[in-house]
Number of protein chains: 2
Amino acid sequence: MKIDALGRTPQLPSRIASRILQEIVEERLKPGDRLPTEQALADSFGVSRNVVREAISRLRSDGIIQSRQGVGAFVARTAVPTLRFDAEALADPSAFQALFELRAILEIRAASLAARRRTPEQLAALERALDRMRGTEKWASGGVDADLEFHKAVAEGTGNAYIRMAVSFLSEQVRVTIMETRARPEAELGDIVEVTIAEHAAIHDAIAAQDPARAQDAMARHIHLAALRLGYRLELTEPV
Amino acid sequence: MKIDALGRTPQLPSRIASRILQEIVEERLKPGDRLPTEQALADSFGVSRNVVREAISRLRSDGIIQSRQGVGAFVARTAVPTLRFDAEALADPSAFQALFELRAILEIRAASLAARRRTPEQLAALERALDRMRGTEKWASGGVDADLEFHKAVAEGTGNAYIRMAVSFLSEQVRVTIMETRARPEAELGDIVEVTIAEHAAIHDAIAAQDPARAQDAMARHIHLAALRLGYRLELTEPV
DNA sequence: ATAATCCTATTGTCCTACAACCCTATAAGT
DNA sequence: ACTTATAGGGTTGTAGGACAATAGGATTAT
């Protein structure tokens, strides 16, 4: 039995990345400063250059380091934005309504863009998601997943990865919040899902027909009714 | 102004990481699923195994992937939803345009809601932000901060904390990307800021007048022109 | 039936080589 | 004198090969 059987020792790239990050956090390396060369870092840490590259690649992904080929690697001047919502705050119904509204803004517009841009493959994925909703037992949590999948398929149809990521993020946040705050989430959401198949079908039909205005109206109507079913009233009466 | 002035094509590890992430986001890979082997991924993407390793290392750093030596790499079980965009991927002009579009959807709708809901205190904050833009030396990065502050003040006027947080997140992401990919960001953005004071004033005036349609139109116009100034054309011709 | 050993598959690390890019100094042209 | 082009050296980005370390399943021994 060795110590590291208790938990896996981090691999070298992870450890090197942490060491470099420490230099930055302790301000021995400041924004704009140039790191030693990859080879010099490899020499001083006693590892291969590949390991250093992986470590730097991690920090680059986090936006902490920026590399320029032929020049060097530098400490970035600005931090990377991250969006995360306080799960406890969302237990408050008014906070949840605000989140729902944010999601509505995105998804209503996404439906319009999907109607305009969707490819046949994306439409097929939307149809599969709709079929999955029809086949879902109303008392199973699969109803939630199918609903989520439908909305993601719509967002996918926009052809914009950031819309898709934002919708996925928000949908997941809504789902997690409902699952964590409802007494009997599956039963309630199962009912909701059955009622809304017609609404989803209307969205699907408009996207299939490549009718942006109709898709937008159908999504607005669906979101509005979904909010009502959850006990909220959203302001969607203005043109959206 | 050329499109490629925005910066370099992302390197292979970043692109491969995005592709793998796409598989996960689109649920072709689900939590607990095992990825193809590194060599198989290298073969199918047509890159060396080192590149695949760097890509996976990035995703491991983000907690999205977990690797077990001798076994394989697996999609991690879902944790708290987090939204963060790969800083390097955004150096790609088409990715940046997609981000800009996402931001546009939110901010245009936020202007309408702010016109309807803003309080006198929030209007005063908007006025201060506008004044700050007027007083800003056009060659200083303070112009960027003032612009950001104006947009945050608009989002604050919606009375929806999640809209405000999302707008802040997206605005910051746009700002960071511009600052990191432009040869002389301060000079260029300073010029942009001066040109747009009239546009911002129109937004402010509509919000002060509590005219949602006019606020929405003013923001759409501003976003549309801002995109043009950055070399993009957004699809905002549909009703939003 | 259980434990030990073996074998295969896969990740983790190292090494070498070369492409691509960047910067600076020098040479050539105007 | 000033501008432009070129060469050389340095550094990152990628490819490919080799072997170490780890894990899991199959086989063999008790």
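Naming convention: chains lettered A, B, ... in sequence-line order (proteins, then strands); numbering from 1 in each chain. Just so we're clear, the structure is a prediction, and the values are computed from it rather than from any experiment.
Set against D:dT11, D:dA15, C:dT11, the side chain of A:R34 has D:dT11 as its closest nucleotide. Picking from D:dA15, C:dC22, D:dA23 the nucleotide with the shortest atom distance to the side chain of A:V71 gives C:dC22.
For the pair B:I56 CD1 and C:dT13 P, the computed distance is 13 Å after rounding to whole Å. Atom CZ of A:F74 is separated from atom C1' of C:dC21 by 13 Å (rounded to the nearest Å). Residue B:R49 contributes atom CZ, which lies 16 Å from atom P of C:dC15 at whole-angstrom precision. Protein atom CG of B:L12 is 7 Å distant from nucleotide atom C1' of D:dT14, rounded to whole Å. Rounded to whole Å, atom C1' of D:dA15 lies 14 Å from atom CD1 of B:I16. One can place CG of A:D43 at 13 Å from C1' of C:dC15, the figure rounded to the nearest angstrom. One can place CD of A:Q66 at 15 Å from C1' of D:dT12, the figure rounded to the nearest angstrom. The CD atom of B:E54 sits 15 Å away from the P atom of D:dG16 (whole-angstrom rounding).
Side chain A:Q69 to base C:dA20: a donor-acceptor pair is found below 3.5 Å.
For the atom pair B:F150 CZ and B:H222 NE2, the distance stands at 7.5 Å (nearest 0.5 Å).
The nearest heavy atom of DNA chain D to A:R53 and to A:N50 marks one nucleotide each, and the one closer to the 5' end goes with A:R53. Annotation: of the two residues near DNA chain C, A:G70 and A:V47, the 5′-most nearest-nucleotide partner is A:V47. If A:G46 and B:A73 are placed on DNA chain C by their nearest nucleotide, the residue sitting closer to the 5' end is B:A73.
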Step by step, work out the side chain to side chain contact (heavy atoms under 4.5 Å, CB included) result for B:L35 and B:F74. CA-CA 6 Å; B:L35 268 65; B:F74 298 82; 6.0 Å; no

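A donor atom on one side chain and an acceptor atom on the other are found under 3.5 Å apart for B:S67 and B:R60. Side chains of B:E54 and B:N50: a donor-acceptor N/O pair is absent below 3.5 angstrom, by distance only.
Contact annotation: B:R60 side-chain N/O to C:dG12 OP1/OP2 distance is under 4.0 Å. A close approach under 4.0 Å does not occur between any side-chain nitrogen or oxygen of B:R68 and OP1 or OP2 of C:dG12.
Less than 6.0 angstrom separates the ring centroid of B:F85 from the ring centroid of B:F169.
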